[in-house]
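Okay, so here's the structure we're looking at.
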Amino acid sequence: MTLTLHSPLDMHLHLRDEAMLKVVAPLSATSFAGGIIMPNLVPPITTISALVAYKKRIIEAMGAHDFEPLMTLFFKDSYDFKFLSEAKPYIHGLKLYPSGITTNSQGGVSNMDIEALRETFEAMIALDIPLLVHGESDGFVMDREREFGLVYENFAQNFPKLKIIMEHITTKESVALLDRYENLYATITLHHLLITLDDVAGGMLQPHLFCKPIAKRPEDREALLDVALRAHPKVMFGSDSAPHPISKKECCGCAAGVFTAPIALQVLAEIFEQHNQLEHLQAFVSDNAKRIYHYRPLEKKVILEKSPFLVPASYDGVVPMMAGRNISWSIHSVV
Ligand code: DOR
Ligand code: ZN
């Protein structure tokens with residue numbers, strides 16, 4: 001059995017820089033036609049010149065594959081209309097991180113008060129630039145995303161023309177917000193469709209499944225699966241594939257991030273097949289994103305085949321999700 005996906009897109013991807021970039025960029029570029037690239041480098045990408053230089057390094061690292069990196073700037077409330085109109089041709093969104101909430105987010109926003117953000121949000125609306133948000137409060141770890149729901153509602157109500165993408169949603173409450181506000185959209189990762197907190201910490205601690213936002217309860221995973229499997233028109237696949245070297249994962253003070261880029265499409269096919277929803281995978285991994293972002297991707301056909309693939313133990317010292325396990329779908333060819 002085979003399945004052809006047209007121009008699959010990864011709408012939330014960490015490619016890092018330098019040696020790590022060279023390891024991971026070709027893995028995404030092999031099977032995806034494009035992806036939204038996160039700006040949380042050290043230092044974060046906050047200028048057009050840094051963004052253009054980073055995009056060039058990504059393209060060099062990708063090798064011969066056809067893949068379009070869709071760049072984002074790290075949100076600052078100091079961005080004004082003049083700056084954003086210069087940035088607009090180079091970007092597909094601004095990524096807002098609450099200060100200190102996750103990896104390399106120290107320079108993020110500490111005050112979610114809409115008056116402090118109004119000028120930047122209004123410029124984004126005028127220029128049609130989406131706002132991508134890491135939605136977590138600084139509360140108790142299992143409640144952070146739910147608490148941030150109030151911020152999403154405040155943003156959505158006060159700026160109904162701002163396109164807001166709730167990144168890597170993990171709760172049933174976030175899923176419910178999609179139908180409540182026209183201007184809220186979401187990305188969903190592979191790992192949050194598969195795991196709950198039990199898989200991370202219910203038995204022996206699993207550092208390679210530790211990420212932000214942390215995986216939640218079974219009922220949250222069910223709500224995510226429900227909208228992903230029927231390719232709800234406001235959800236898109238965004239892997240949040242976040243590689244860290246093994247030394248930063250298997251240690252005291254494990255870094256947050258699950259590395260899924262090399263297995264993402266294959267395992268999505270497995271999940272959608274198990275639920276008899278394979279016909280919705282194309283919308284989840286490409287068509288919805290094209291419509292939401294008004295984006296026309298490079299033409300690329302990825303042919304998946306139902307034949308076993310043994311997930312490598314590591315890619316140059318970066319351990320993927322499901323390392324050492326057999327998955328039932330593999331990539332047959334890309335044309
Ligand atoms: O688990 C995560 N890892 N969540 C994030 O928000 C950031 C990411 C990273 O950059 O490592
Ligand atoms: Zn991320």
Side-chain angles (χ1 to χ4, degrees), residues 9-21 23-25 27-28 32 35-45 54 58 69-75 92-109 130-138 141-142 144-145 148 165-171 174 185-197 199-201 205-216 236-251 253-261 264 289 315 317-321:
L9 299 169
D10 183 346
M11 302 309 279
H12 183 131
L13 177 62
H14 296 268
L15 289 180
R16 314 298 192 204
D17 212 344
E18 301 175 348
M20 180 67 89
L21 172 64
V23 174
V24 302
L27 299 170
S28 285
F32 289 89
I36 289 275
I37 310 302
M38 289 296 132
N40 62 332
L41 303 185
V42 185
I45 305 286
Y54 183 38
I58 293 171
L70 309 173
M71 306 305 290
T72 60
L73 281 168
F74 189 96
F75 182 97
H92 287 78
L94 302 186
K95 174 70 187 289
L96 186 155
Y97 289 93
S99 176
I101 203 68
T102 188
T103 313
N104 306 335
S105 63
Q106 292 76 2
V109 174
L131 175 71
L132 286 54
V133 183
H134 182 115
E136 289 195 282
S137 74
D138 59 2
V141 69
M142 286 293 279
R144 287 178 189 172
E145 185 170 316
F148 199 88
I165 324 274
M166 302 186 286
E167 294 295 333
H168 43 54
I169 57 170
T170 64
T171 67
S174 295
Y185 301 83
T187 56
I188 297 180
T189 72
L190 169 67
H191 47 284
H192 291 118
L193 292 175
L194 288 170
I195 63 170
T196 67
L197 184 62
D199 298 290
V200 186
L205 191 64
Q206 301 299 320
H208 297 292
L209 299 181
F210 171 63
C211 63
K212 303 282 180 71
I214 194 97
K216 303 292 189 310
M236 304 167 269
F237 175 62
S239 69
D240 198 14
S241 179
H244 292 278
I246 194 165
S247 60
K248 290 268 185 338
K249 293 293 284 176
E250 297 182 7
C251 64
C254 163
V258 184
F259 178 48
T260 53
Y315 290 86
V318 191
V319 178
M321 191 182 187

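Numbering of ligands and ligand atoms starts at 1, following listing order.
Considering backbone and side-chain atoms alike, Phe210 places every N or O at 3.5 Å or more from each N or O of ligand 1.
Checking Ile169, Ile214, Thr170 one by one against His192, the side-chain contact (heavy atoms from CB on, under 4.5 Å) holds for a single residue, Thr170.
Here Arg16 has side-chain heavy atoms under 4.0 Å from ligand 1, and that is the only part of it that gets that close. Here Met38 has no heavy atoms under 4.0 Å from ligand 1, in either its backbone or its side chain. With a 4.0 Å heavy-atom cut-off, ligand 1 is reached by no atom of Val258. Contact annotation for Lys212 and ligand 1: heavy atoms of both the backbone and the side chain come within less than 4.0 Å of the ligand. Residue Cys211 touches ligand 1 through backbone and side chain together, judged by heavy-atom distances below 4.0 Å.
The aromatic rings of His134 and His168 stand perpendicular to each other, their planes meeting at an angle above 60°, with 30° marking the opposite boundary.
The protein non-hydrogen atom at the shortest distance from atom 5 (C) of ligand 1 is Thr102 OG1, 3.0 Å. Of the protein's non-hydrogen atoms, the one nearest atom 3 (N) of ligand 1 is Ala256 O, 3.0 Å.
To the nearest 0.5 Å, atoms CG (Leu73) and CG (Leu96) are separated by 12.5 Å. Interatomic distance, OG1 of Thr189 versus CG of Leu13, reported as 12.5 Å (0.5 Å rounding). Interatomic distance, Lys95 NZ to Ile36 CD1, rounded to the nearest 0.5 Å: 10.5 Å. The distance from the SG atom of Cys254 to the CD atom of Gln206 is 10.5 Å, given to the nearest 0.5 Å. From Leu41, atom CG reaches atom OH of Tyr54 across 4.5 Å, with rounding to the nearest 0.5 Å. Rounding to the nearest 0.5 Å gives a distance of 6.5 Å between CE of Met142 and NZ of Lys216.
Near Ala242, meaning under 4.0 Å from any of its heavy atoms, are these atoms of ligand 1: 3 (N), 8 (C), 9 (C), 11 (O). Atom numbering of ligand 1 starts at 1 in the shown order; those under 4.0 Å from a heavy atom of His244 are 11 (O). Here is the list of ligand 1 atoms found below 4.0 Å of a heavy atom in His134: 6 (O).
In this structure, Asp10 contributes its side chain and Gly35 its backbone to no donor-acceptor pair below 3.5 Å.
Side-chain atoms of Ser105 and Thr102 form no donor-acceptor pair, as typed in the model, at a separation below 3.5 Å.
Within the protein, the N, O or S atoms lying under 2.8 Å from the Zn ion (ligand 2) are His12 NE2, His14 NE2, Asp240 OD1.
Heavy-atom contacts from other residues, nucleotides or ligands closer than 6.0 Å to CG of Asp199 number more than 12.
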